[in-house]
Amino acid sequence: MRILNNVGINQRRADSYFDIYLMCDAAEKDLPDYLDLRKTERFLRALSEELGIDQSELVQPENEKGERWVHPYVAINFAQWAGGELAVQTIKWVLQWFRDKVYETTEKEESFEDVDPKFTAWIQKAAKFDPRKLKKTSE
């Protein structure tokens with residue numbers, strides 16, 4: 001959870017989506033004022049085409065918990081419209097999420113936990129091999 005203006009703003013770890021209702025609370029803005037703008041409609045259409053994600057996934061409908069999740073790029077666009085500290089913090093939060101995600105991915109890729117133990121033993125044996133220690137055979 002992110003905190004701004006004494007409002008906790010939820011950001012999902014799995015996909016970096018933000019609860020836009022909480023962003024609205026922090027910025028003291030009304031969501032329909034943003035969504036009804038022609039500029040927003042054009043942005044959502046272009047983003048949908050660019051990412052190959054349906055607009056209903058970019059701005060998800062309200063769920064049973066009263067949350068409404070938006071793609072991180074939509075969160076940035078909303079925050080730029082809302083202005084102030086939210087604009088600055090949202091960019092930082094999204095970039096931090098991407099940085100952390102890259103770090104997690106890099107760590108995972110460098111892990112050999114899923115490699116076959118027999119293969120690991122063979123590689124270790126090959127790494128210790130020294131051809132100078134071979135017995136010479138008669139020629």
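When reading the values below, keep in mind they use all heavy atoms of this one structure, side chains included, and skip hydrogens, waters and symmetry mates. Owing to the predicted nature of the structure, the values given are computational and were not obtained by experimental measurement.
Here Gln80 pairs with nothing under the side-chain hydrogen bond (donor to acceptor under 3.5 Å, both in side chains) rule; sequence neighbours left out. With sequence neighbours excluded, no residue forms a side-chain contact (heavy atoms from CB on, under 4.5 Å) with Glu28. Residues satisfying the side-chain contact (heavy atoms from CB on, under 4.5 Å) test with Asp54, not counting sequence neighbours, are Ser56. Residues meeting the side-chain contact (heavy atoms from CB on, under 4.5 Å) test with Asp30, sequence neighbours left out: Pro32, Asp33. In this structure, the side-chain contact (heavy atoms from CB on, under 4.5 Å) partners of Asn10, at least two apart in sequence or on a different chain, are Met1, Asp19, Leu22, Glu67, Trp69. Applying the side-chain hydrogen bond (donor to acceptor under 3.5 Å, both in side chains) test to Gln11 and every residue at least two apart in sequence or in another chain returns Arg2, Ser16. For Gln55, there are no side-chain hydrogen bond (donor to acceptor under 3.5 Å, both in side chains) partners at least two apart in sequence or on another chain. Taking Arg12 as the reference, Asp15 meet the salt bridge (charged side-chain N to carboxylate O under 4.0 Å, His left out) condition, with sequence neighbours excluded.
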List, one per line, each side-chain donor-acceptor pair under 3.5 Å for residues 37-44, sequence neighbours excluded.
{"unit_1": "Thr40", "atom_1": "OG1", "unit_2": "Tyr34", "atom_2": "O", "d": "2.7"}

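Atom CD1 of residue Ile53 and atom OG of residue Ser48 lie 8.0 Å apart, to the nearest 0.5 angstrom. Between atom CG of residue Leu51 and atom CG of residue Leu58 there is a gap of 6.5 Å, rounded to the nearest 0.5 Å. One distance of note links CG of Leu86 with CG of Asp25; it measures 11.0 Å at 0.5 Å rounding. The NZ atom of Lys92 lies 7.0 Å from the CD atom of Glu85; values are rounded to the nearest 0.5 Å.
What you find for Phe78 and Cys24 is that their closest heavy atoms are CZ-SG, 3.7 Å. Counting all heavy atoms, side chain and backbone alike, Met23 lies closest to Ala79 at CE-CB, 4.3 Å.
Linking Ile, Leu, Val, Met, Phe, Trp and Tyr residues whenever their side-chain heavy atoms come within less than 4.5 Å places Leu95 and Ile9 in a single cluster.
Within the structure, ring-ring contact (aromatic ring centres under 6.0 Å, His included) pairs that include any residue of residues 1-29 comprise Tyr17-His71 (at least two apart or interchain).
For the pair Val59 and Ile20, the minimum side-chain heavy-atom distance is 4.5 Å or more. A heavy-atom distance below 4.5 Å is not found between the side chains of Gln60 and Val70.
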